[in-house]
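Counting begins at 1 with the first residue of the sequence.
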Amino acid sequence: MAFDYNALYLETPHALGEPTKVFCDFFKTYQKKSARILDVGCGQGRDALFIARLGHSVTGVDSAPAGISDLLEEATREGLGIEGHVADIVDYSPDGPFDVIVIDRTLHMLETGPRRKVFQKLIKHLNTGGYLLIADEPSNLPDFRKVLEAAPETWRMCKAEKGILFMQRLAEERHTFRCPGDVKVET
């Protein structure tokens, strides 16, 4: 049975602690102003609130109504640009495009097939030049990379370490040319 995050959030303010350091480090150096950010599995908003305080517009999605309620209450109190949606990520369709998509320890809760489908759907909502920031189980990162390698877009790896994968979407689609001897070359 899945963990009941809604019950946790009802009982404990800021239940998951401080924002994820690696995301904080990214956003402290991120140059785009007033970017549009999607926080998938935002919970009570530990990452979303930090990002919005830097002047970005954040859309948070989580299946726990108490988490979204806490997020929106704090955002309203501080006058932050945050929109919250209570939704199962399997059924959720973002109203993108976004400049950055943050996925903080969320997709590992899904079985492999649904996880791939959700991931494929999410990356379609990222702007060219945008960033995909993932913290997840280290064992899932190779699968995420395979999905990105099979996607029509061109991606650049920015960070890959234990449980962390940051990618940048470089182009709408790969350009494939035929060379002598039918060798495919991607640019």
Side-chain angles (χ1 to χ4, degrees), residues 2-3 5 16-32 35-52 54 56-64 67 85 87-174 186-187:
F3 185 80
Y5 282 96
L16 299 181
E18 296 298 314
T20 302
K21 184 182 180 326
V22 70
F23 296 149
C24 293
D25 293 345
F26 172 87
F27 279 102
K28 286 177 184 175
T29 62
Y30 184 55
Q31 297 297 309
K32 185 169 180 139
R36 190 156 189 255
I37 315 299
L38 175 62
D39 185 352
V40 179
C42 65
Q44 294 167 300
R46 68 179 180 170
D47 297 321
L49 291 162
F50 171 83
I51 296 165
L54 296 174
H56 302 295
S57 173
V58 180
T59 298
V61 61
D62 199 281
S63 62
H85 299 280
D88 182 326
I89 60 171
V90 173
D91 302 319
Y92 178 71
S93 290
D95 62 345
F98 293 90
D99 299 303
V100 180
I101 296 176
V102 175
I103 307 171
D104 191 355
R105 296 170 190 88
T106 301
L107 296 181
H108 72 274
M109 296 179 201
L110 301 174
E111 295 293 328
T112 303
R115 181 174 53 241
R116 283 185 189 145
K117 288 179 182 176
V118 167
F119 188 64
Q120 288 167 334
K121 179 172 42 174
L122 289 172
I123 64 175
K124 292 177 183 177
H125 293 276
L126 187 64
N127 282 327
T128 298
Y131 291 88
L132 177 63
L133 311 180
I134 302 170
D136 206 285
E137 296 297 321
S139 60
N140 290 335
L141 298 187
D143 194 44
F144 294 144
R145 290 176 69 176
K146 285 179 187 175
V147 169
L148 293 170
E149 288 168 6
E153 305 85 16
T154 301
W155 297 87
R156 177 177 69 93
M157 186 182 319
C158 303
K159 185 180 212 68
E161 53 190 49
K162 186 178 181 182
I164 303 298
L165 181 63
F166 288 8
M167 301 291 287
Q168 183 180 28
R169 182 177 175 174
L170 296 180
E172 282 300 312
E173 60 184 70
R174 294 181 177 99
E186 292 183 349
T187 61

Do any N or O atoms from the side chain of [X] and from the backbone of [Y] form a donor-acceptor pair under 3.5 angstrom?
X      : Y      : value
Arg169 : Glu153 : no
His56  : Ile51  : no
Glu161 : Lys159 : no

Not counting sequence neighbours, which residues clear side chain to side chain contact (heavy atoms under 4.5 Å, CB included) with [X]? List them please.
X      : result
Met109 : Tyr5
Glu18  : none
Arg36  : Thr59, Asp95, Phe98, Asp99
Gln168 : Tyr131, Arg156, Cys158, Leu170

Please name the pair of heavy atoms, one in [X] and one in [Y], separated by the smallest distance, quoted to 0.1 Å.
X      : Y      : value
Ala48  : Asp39  : N-OD2, 3.2 Å
Ile123 : Ala151 : CD1-CB, 4.1 Å
Pro19  : Cys24  : CB-SG, 3.4 Å
Gly43  : Asp62  : N-OD2, 2.7 Å
Val61  : Ala87  : CG2-CB, 3.9 Å

> With His85, which residues qualify under side-chain hydrogen bond (donor to acceptor under 3.5 Å, both in side chains), at least two apart?
Replying inline: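 Counting only residues at least two positions away or on another chain, His85 forms a side-chain hydrogen bond (donor to acceptor under 3.5 Å, both in side chains) with Glu83.
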> Lys162: what forms a side-chain hydrogen bond (donor to acceptor under 3.5 Å, both in side chains) with it, not counting sequence neighbours?
Replying inline: none
>> Using ring pair (Phe, Tyr, Trp, His ring centres under 6.0 Å), reason through Phe23 and Phe27 one step at a time and then give a plain yes or no.
In response: CA-CA 6 Å; Phe23 296 149; Phe27 279 102; 7.7 Å; no
>> The test is side chain to side chain contact (heavy atoms under 4.5 Å, CB included); show your working for Ile89 and Val40 and say whether it passes.
In response: CA-CA 8 Å; Ile89 60 171; Val40 179; 3.7 Å; yes
> Yes or no on side chain to side chain contact (heavy atoms under 4.5 Å, CB included) for Leu133 and Ile164, after CA distance, side-chain angles and deciding distance?
Replying inline: CA-CA 8 Å; Leu133 311 180; Ile164 303 298; over 6 Å; no
> salt bridge (Lys or Arg N to Asp or Glu O under 4.0 Å): which pairs involve residues 118-140, sequence neighbours left out?
Replying inline: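 Listed by first then second residue: nothing to list.
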>> Show every salt bridge (Lys or Arg N to Asp or Glu O under 4.0 Å) that has at least one partner inside residues 105-117, sequence neighbours left out.
In response: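 Pairs touching residues 105-117 that pass the test: Arg116-Asp143.
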>> Which residues pass the salt bridge (charged side-chain N to carboxylate O under 4.0 Å, His left out) test with Lys28, not counting sequence neighbours?
In response: none
> Heavy-atom distance under 4.5 Å between the side chains of Val22 and Phe26, does that happen here?
Replying inline: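 No, their side chains stay 4.5 Å or more apart.
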>> So Leu132 and Ile103, do their side chains get closer than 4.5 Å, heavy atoms only?
In response: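 Ile103 vs Leu132: side chains touch.
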> Which is it for Leu122 and Leu38 under the side chain to side chain contact (heavy atoms under 4.5 Å, CB included) test, yes or no, and what are the steps along the way?
Replying inline: CA-CA 9 Å; Leu122 289 172; Leu38 175 62; 4.1 Å; yes
> Given Val100 and Phe166, is the side chain to side chain contact (heavy atoms under 4.5 Å, CB included) satisfied, shown in steps?
Replying inline: CA-CA 10 Å; Val100 180; Phe166 288 8; over 6 Å; no
> Rounded to the nearest 0.5 Å, how far does CD of Gln31 lie from OG1 of Thr29?
Replying inline: 7.0 Å
> So how far is it from Asp104 CG to Leu16 CG, rounded to the nearest 0.5 Å?
Replying inline: 8.5 Å
> Got a sec, which residues hit ring-ring contact (aromatic ring centres under 6.0 Å, His included) with Phe144, two or more places apart in sequence or on another chain?
Replying inline: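 Only Phe119 meet the ring-ring contact (aromatic ring centres under 6.0 Å, His included) criterion with Phe144.
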> So, Ser63 versus Asp88: side-chain donor-acceptor pair below 3.5 Å or not?
Replying inline: no
